[in-house]
Amino acid sequence: MENMKLSSSYDESQIQVLEGLEAVRKRPGMYIGSTSSRGLHHLVYEIVANSIDEALAGRCDEIEIIIRKDNSVSVQDNGGGIPVGIHPKMGIPTIEVVHTVLHAGGKFGGGAYTVSGGLHGVGASVVNALSEYMEVEVCRDGYMYRQRYERGKTVTPLEMLGPCDRKGTKTTFKPDGEIFEDLVFDFDSMLARYREMAFLNKGVKIRLIDERPEERVEKNLHYEGGIVSFVEYMNKNKEVLHQKPIYIEGSKDGSSVEIAMQYNDTYVENIYSYANNIATTEGGTHLTGFKTAITKVLNDYARKYNILKENDKNLMGEDVREGLAAVISVKLEEPQFEGQTKAKLGNSEIRSLVESVVNEKLADFLEENPLISKTILERCITAQRAREAARKARELTRRKSALESTSLPGKLADCSEKDPSLCEIYIVEGDSAGGSAKQGRDRRFQAILPLWGKMLNVEKARIDKVFNNDKLMPVITALGANIGDDFDITKLRYHKVIIMADADVDGSHIRTLLLTFFFRYMRPLIEEGHVYIAQPPLFKVTKGKEDVYAFNEKELEKIFKEKNWKKEECVIQRYKGLGEMNSEQLWETTMNPETRTILKVELEDAVSADQIFTILMGDKVEPRKDFITEHAKTVTNLDV
Ligand code: 28F
């Protein structure tokens, strides 16, 4: 009888299994967000998350991720190994349940097993369903086992391969070309991701290997300092106000919080928050608790020691966060993720936990380190004064614009269309290019803003300087969405903001400065994909009556080959700047949506973007030299 029951429940669950994974293949977006490059990378993340769970359970300290030549990926850990015994409810090996039953982790592991969890917490079965094949090898209890699946279906029963003296799990999978739009893994974004993982899980050694290039690349990511190392890494090209990051931790009722923070001499606030190792880019209760508490603690200290005098106003949040690099990592049993992208922590108990831990321990730190406290508070007070100055500058601009008949900048040649989603603005450096752009554009939906005057390096300036800068103010008013904390993307007047500059050193300088400005003061503009770089051609090739344009030397060669033209029979013109093109040529090559190429500026990873802008625009010369030399190398390699 008992046997009968077992086998009948086996059948039922098998049917359920197939339906489950079929559903994943039918609607992959529901489980991994999308089938774009992002979804593809999410597969690896889901598998690595299982290894991280093993690390959190104290059974694993090494994880290796290998990208193979055929774009399959292997992930291996030295954890306990996925159990292989027959699952009491399902009547098949547990490892098979884990890989073929949807939500196996939550359903069968008691729910609380995972704390690292992927964005959607769906695990190995989803990755399996979306893979051409998956092979899992487990070492445990002295033996090695293996099982293979294809598109979610078991194709070989669990095999026992022989004795094995290690422990752990190795999963190899190849994402399914029938599902994903893009099958190529991006090493740099994976490096950033797993470096972050290594910071958040101190002591865990993550090795990331790329076998695709001729010379394989191997990165070892291992930080005994955890999030303290993370903050040091964030500040590595910056001058810091105190040598060691401040580290605070505490826990209560099964939840824990860890914070590392260090001030640098820039005006930028960089706070990264995580819940169960998941980046909470929309913030949440842990971040709110942290912000409230540091503002209170610093004000209390400043009052107590008379750094703020009786008639002085309290420091505001933005004053105490200027130049602050910080990481907040909380771990909790039942995280509630809210918000548009489910990247905002909602648990209210975490707010009070973070607040009380920071209130107590940051206050202790300040009392014990009076010199550091003094440096930090002086800096906060300078920030407070600058904020006051900025407010005055802003009021002045508001008053000024109220006097003028229109608040739009005089140099702007606006378009007639009023629906922002159809409008484009070209930001053009200089006079002559601005002129041809104005003549060449389609004035129905293309606006032109020529830039004038001295550019401000925003990396070295506070917001009050930005409001006083003749070059940036027109950009701010033309876009119509304000800046900094007041930035409001719903007010944006053009959904495509296109930077158009020459392909030379000056052009690249203006591009970098504008991008830095957008990154520091209008970040959502970049994050939501509104910023583009125009690609004017470098060459014009003329043969008889035919003109062809090329964006670089490679393309030039391609034209000769494809058209079967001899160089001697052609006129090759090399454009030194946009100004050399007449308005028709500019329209045809760079502005006509039918024929132009524009590059969308994308922000894959905020930590490295921050570092690159600091390197390019900051004070330290050495890192800039290193960066430029390194990139010069890449360029030579490309040319070879
Ligand atoms: C390369 C990917 O997936 N590693 C994993 C384990 C270890 C255990 C486990 C995994 C039990 C009932 C769910 C071992 N010993 N790497 C991995 N290592 N899963 S996944 O258990 C799974 C749960 O259903 C494990 C004791 N307990 C758990």
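When a ligand or atom number is given, it counts from 1 through the structure's own listing order.
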Trainee: By number and element, which atoms of ligand 1 are closer than 4.0 Å to a non-hydrogen atom of Arg140?
Mentor: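 The list of qualifying atoms is 14 (C), 15 (N).
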Trainee: What is the minimum heavy-atom distance between Leu200 and Lys331, and which atoms define it?
Mentor: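 Nearest pair, atom of Leu200 first, then Lys331: O-NZ, 4.0 Å.
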Trainee: Heavy-atom contact under 4.0 Å between Pro83 and ligand 1?
Mentor: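 Judged by the 4.0 Å heavy-atom criterion, Pro83 does count as contacting ligand 1.
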Trainee: Hey, does the Lys NZ or Arg CZ of Arg140 hover above the aromatic six-ring of Tyr145, less than 6.0 Å from the centre and inside 45° of the axis?
Mentor: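 No; the conditions do not both hold, so Arg140 does not lie above the ring face of Tyr145.
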Trainee: Do you know which two heavy atoms are closest between Arg148 and Glu135, and how far apart they sit?
Mentor: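 Result for this residue pair: NH1-OE2, 3.0 Å.
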Trainee: By number and element, which atoms of ligand 1 are closer than 4.0 Å to a non-hydrogen atom of Val75?
Mentor: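 Listed by number with element: 1 (C).
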Trainee: Can you sort out which atoms of ligand 1 are near Thr171, meaning under 4.0 Å from one of its heavy atoms?
Mentor: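 Going through ligand 1 atom by atom, the ones under 4.0 Å from Thr171 are 1 (C), 2 (C).
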Trainee: Quick one: which ligand 1 atoms are inside 4.0 Å of a heavy atom on Ser51?
Mentor: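 Counting atoms of ligand 1 from 1, those under 4.0 Å from Ser51 are 1 (C), 2 (C), 16 (N).
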Trainee: Suppose I only count heavy atoms of Asn50 and a 4.0 Å limit; which atoms of ligand 1 are within that range?
Mentor: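 Answer for ligand 1: 3 (O), 17 (C).
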Trainee: Under 4.0 Å from a heavy atom of Ile47: give me the atoms of ligand 1 that qualify, with their elements.
Mentor: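 It comes down to these atoms of ligand 1: 1 (C), 2 (C).
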Trainee: What are the two closest heavy atoms between Leu345 and Pro335, and how far apart are they?
Mentor: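 Of all heavy-atom pairs spanning Leu345 and Pro335, the closest is CD1-CB, 4.2 Å.
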Trainee: Nearest to atom 6 (C) of ligand 1 by heavy atom, Gln76, Glu137, Lys170, Glu54: which?
Mentor: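 It is Glu54 that holds the nearest heavy atom.
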Trainee: Tell me, which pairs form a ring pair (Phe, Tyr, Trp, His ring centres under 6.0 Å) where one or both residues lie in residues 205-227, sequence neighbours left out?
Mentor: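 Those involving residues 205-227 are Phe199-Tyr223.
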Trainee: Does at least one non-hydrogen atom of His87 fall below 4.0 angstrom from an atom of ligand 1?
Mentor: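 His87 does not count as a contact of ligand 1 under the 4.0 Å cut-off.
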Trainee: Is it true that a side-chain atom of Lys69 and a backbone atom of Glu211 form a donor plus acceptor pair closer than 3.5 Å?
Mentor: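 Yes, because the side chain of Lys69 sits within donor-acceptor range (under 3.5 Å) of the backbone of Glu211.
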Trainee: Which heavy atom of Ser36 sits nearest a heavy atom of Phe180, and at what distance?
Mentor: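 It is O-CD2, 4.2 Å.
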Trainee: For ligand 1, indicate whether the residue Asp77 contacts it via side chain, backbone, both or neither (heavy-atom separation under 4.0 Å).
Mentor: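 The answer is the side chain.
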